[in-house]
Amino acid sequence: MTHPQPSRRQLLAGIGAAGTAALLSGCVTSTSSSKNSSSGAVTLQSNLSAPQAKAAMEDIVAAYGKKKSGDVSLNTVAAETFRTQLPTYLTSANPPDVYTWYPGSVADAYAKKDLLLDLGGLWDGPELKGYSKALNSLCTAGSGKKVFVPTTYYWWGMFYRKSNFAKWGVSEPKTWDEFLDLCDKLKSKGVAPIGLGAGGNTAWVASAWFDYLDIRINGAAYHRELLAGKHRFDDPQVRRVFDRWREVLPYFDPNGTAGAFQDATTALLNGRSGMMLIGTFFADAAPKDALDDIDFFRFPVIDPKVPLAEEAPTDGYFASARTGRREGVLDLLGYLATAEAQEIYIKGSSGTVLPCHPDAKDAGTPLVTKGRKHIEEAVEITQFFNRDSSDALQPTADTALTKFLAKPKEIDSILTDWQREAEKIWKA
C-alpha cells in the first residue's frame, strides 16, 4: 500500500516542517481490546536521560501532578539501553504504559504487531485538533487510527562554537569545496576538523553522514525509497555517497569511533574538534553558559540541482496497547499534547527544540530562530535513518558504516553485506 507525500506547503503549515508525512501502514489494537483498569500510577518510560532533558521531564510530571489528574511514575532509562529494550518493553506481560519515542516508520513496525494503543479519541479532542495536517498524517496508521502524540521537533546541522571559529579565523562554508577548505584550515591549526562520536553505544550517529550525503547527492525521494527497500545499498548511486564521504575522512577526529557522541560533544566544546554533524539534542549535555556560544551551518550543498532537504525529526509519545490504565494514559497524553507541557519542557531543557502545539512558544533565542528558518527553507524534510526505515534496520547501518570508517577501501564488500542484511529485515 502506498501513501502520498504531503506538499511542502502542507508540511510547513503549523509546525515549521516538523516531519515528513509518511503514513503508517498496518493495524493497531483498538482501545476496546485493552484492559480498562485505573489502579496504580501511569508508568512513563523515558529515554531522555541527558541531565537537562531529564530535569525537564521531571518538571512536566510535577506540573501534571499538581493538576491532580492522576499519578505518574517516571522511569528514565539511558537512551541506548532504551533503544535496545523497547521491543521487550512493548511485548512484556506487564509493559510500561507510555513511552517517549518516534512517529513515522519506526512506530509502524510496532503498530503492525498490534502493540500500540489507539489514540483516536485524543486527536478528536481540543488540544490535538489544532495540530497541522502533516503531523496528523505522521501519527496516523494506514487503517486510519492514530498511534502517536507529537510534542517537539528539532533540526540537524554542522554545529560549532562561535568563539572558536573567531579564534581560528574561519567562517561558515556554503559549498562542498568551501567545506573542504575549512577542514584544511582547521587541520593546519592542529584541530581535528570534524567530531563524530560513533563509538560506545552511539554508532547510529554515523547514519547522519550517510543520510545527508545521500539527500545531497541523490535527493530525499531516492533516500526514502532506499530505506524502504525500493533500491539496493550496493547500487552505483549509493557508492557515490561513499566516494564523497572518503573525501572528508582524513578530517575526522581519529577517535571518532572510540567514544560516544557525548564525548564528541565535550571535545567540540573544549575546542579539540572544530565542528560536528549532530541534532540539537546534544545541547542537553552542554553547560547552559555555553549555549549562547553555539551556532551551526547547513550541511554543504553538493549538487545545486538536487532539491534542498534537511533532517528535522519529530519526537513525542506512544502507549502500550496492553496498558491496564487506559483512562490514565489518555489523560496524561492529553496533557503532554498541550502548549503548557511543551513550554515546560523547552524551559527546563536546553531549549533547542521547537514545539508541535501551534500555540506553544519556543525559546526565542537566536539559535532557535535560525533553526526554525533553516527548516522552513528546506524543500523536503527527512527524519533520520531509523525513523525513515525502522529500528530493526538501524543496526545494519551501524555495522556497515563503522566498517567503512575503519576500512574505507573495502566499501564494495561492505555494501554487499549491508544489502544482504537489509533484505532480511525487509522480508521479515
Side-chain angles (χ1 to χ4, degrees), residues 40-67 69-92 94-104 106-107 110 115-117 119 122 139 147-154 201-202 204 260-262 279-285 313-323 325 328-338 340-357 360 384 386-387 391 394:
V42 171
T43 53
L44 172 53
Q45 200 84 342
S46 171
N47 72 321
L48 300 172
S49 55
Q52 293 182 50
K54 180 181 178 182
M57 288 297 294
E58 291 169 349
D59 291 344
I60 290 176
V61 169
Y64 178 71
K66 288 180 180 177
K67 292 180 174 296
S69 297
D71 294 327
V72 175
S73 175
L74 176 65
N75 182 30
T76 302
V77 180
E80 299 315 310
T81 301
F82 186 105
R83 181 185 299 274
T84 58
Q85 291 297 315
L86 182 56
T88 302
Y89 297 152
L90 285 167
T91 55
S92 65
N94 185 29
D97 298 310
V98 179
Y99 307 77
T100 59
W101 209 234
Y102 320 135
V106 167
Y110 302 117
L115 297 174
L116 302 185
L117 188 66
L119 306 179
L122 284 180
C139 302
V147 296
F148 198 85
V149 172
T151 55
T152 58
Y153 64 105
Y154 64 94
N201 292 319
T202 62
W204 53 267
F261 84 81
Q262 294 90 342
T280 62
F281 56 83
F282 89 98
D284 281 322
T314 300
D315 290 337
Y317 304 86
F318 55 42
S320 169
R322 303 181 183 186
T323 179
R325 290 171 281 270
V329 164
L330 295 177
D331 190 72
L332 173 61
L333 288 172
Y335 176 70
L336 294 170
T338 65
E340 174 187 307
Q342 291 169 30
E343 289 177 358
I344 288 173
Y345 181 80
I346 289 170
K347 183 178 180 180
S349 67
S350 62
T352 54
V353 295
L354 297 162
C356 289
H357 195 290
F384 190 76
N386 69 313
R387 301 181 185 217
D391 280 343
Q394 183 67 58

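Taking the six-membered ring for Trp, F282 and F261 have ring centres at least 6.0 Å apart.
In terms of heavy atoms, G316 sits closest to T151 at CA-OG1, 3.5 Å. For the pair P355 and Q342, the tightest heavy-atom approach, listed with the atom from each and the gap, is CB-OE1, 3.6 Å. Contact record, G40 with R325: O-CD, 3.3 Å, taken as the closest heavy-atom pair. Nearest heavy atom pair, residue T338 against residue A341, reads OG1-N, 3.2 Å. When all heavy atoms of A107 and L116 are compared, the closest pair comes out as O-CD1, 3.6 Å. A pairwise comparison of heavy atoms in P103 and C139 identifies CB-SG, 4.4 Å as the closest pair.
Within the 3.5 Å criterion, the main-chain N or O of N47 finds a donor-acceptor partner in the side chain of T100. In this structure, the side chain of T76 does not engage the main chain of K54 through any donor-acceptor pair within 3.5 Å. Counting only distance, with no hydrogens or angles, the side chain of T152 and the backbone of V353 share no donor-acceptor pair below 3.5 Å. Between the N75 side chain and the Q45 main chain, no donor and acceptor come within less than 3.5 Å of each other.
Using modelled atom types and a 3.5 Å distance limit, the side chains of T43 and D97 yield a donor-acceptor pair. With hydrogens and angles left out, the side-chain atoms of Y154 and D315 include no donor and acceptor closer than 3.5 Å. Remark: the D331 side chain and the Y64 side chain contain an N/O donor-acceptor pair separated by less than 3.5 Å.
From I346, atom CD1 reaches atom CG of D59 across 13.0 Å, with rounding to the nearest 0.5 Å. For the atom pair CG (L115) and CZ (F318), the distance works out to 9.0 Å, reported to the nearest 0.5 Å. Rounded to the nearest 0.5 angstrom, Y99 OH and Y89 OH are separated by 9.0 Å.
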Contacts table for residues 78-86: side-chain donor-acceptor under 3.5 angstrom, sequence neighbours left out:
{"residue": "E80", "atom": "OE1", "partner": "R83", "partner atom": "NE", "Å": "3.4"}
{"residue": "E80", "atom": "OE1", "partner": "W204", "partner atom": "NE1", "Å": "3.0"}
{"residue": "E80", "atom": "OE2", "partner": "W204", "partner atom": "NE1", "Å": "2.8"}
{"residue": "T84", "atom": "OG1", "partner": "E80", "partner atom": "O", "Å": "3.3"}
{"residue": "T84", "atom": "OG1", "partner": "T81", "partner atom": "O", "Å": "3.0"}

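Shown here are the salt bridge (charged side-chain N to carboxylate O under 4.0 Å, His left out) partners of E340, two or more places apart in sequence or in another chain: K67.
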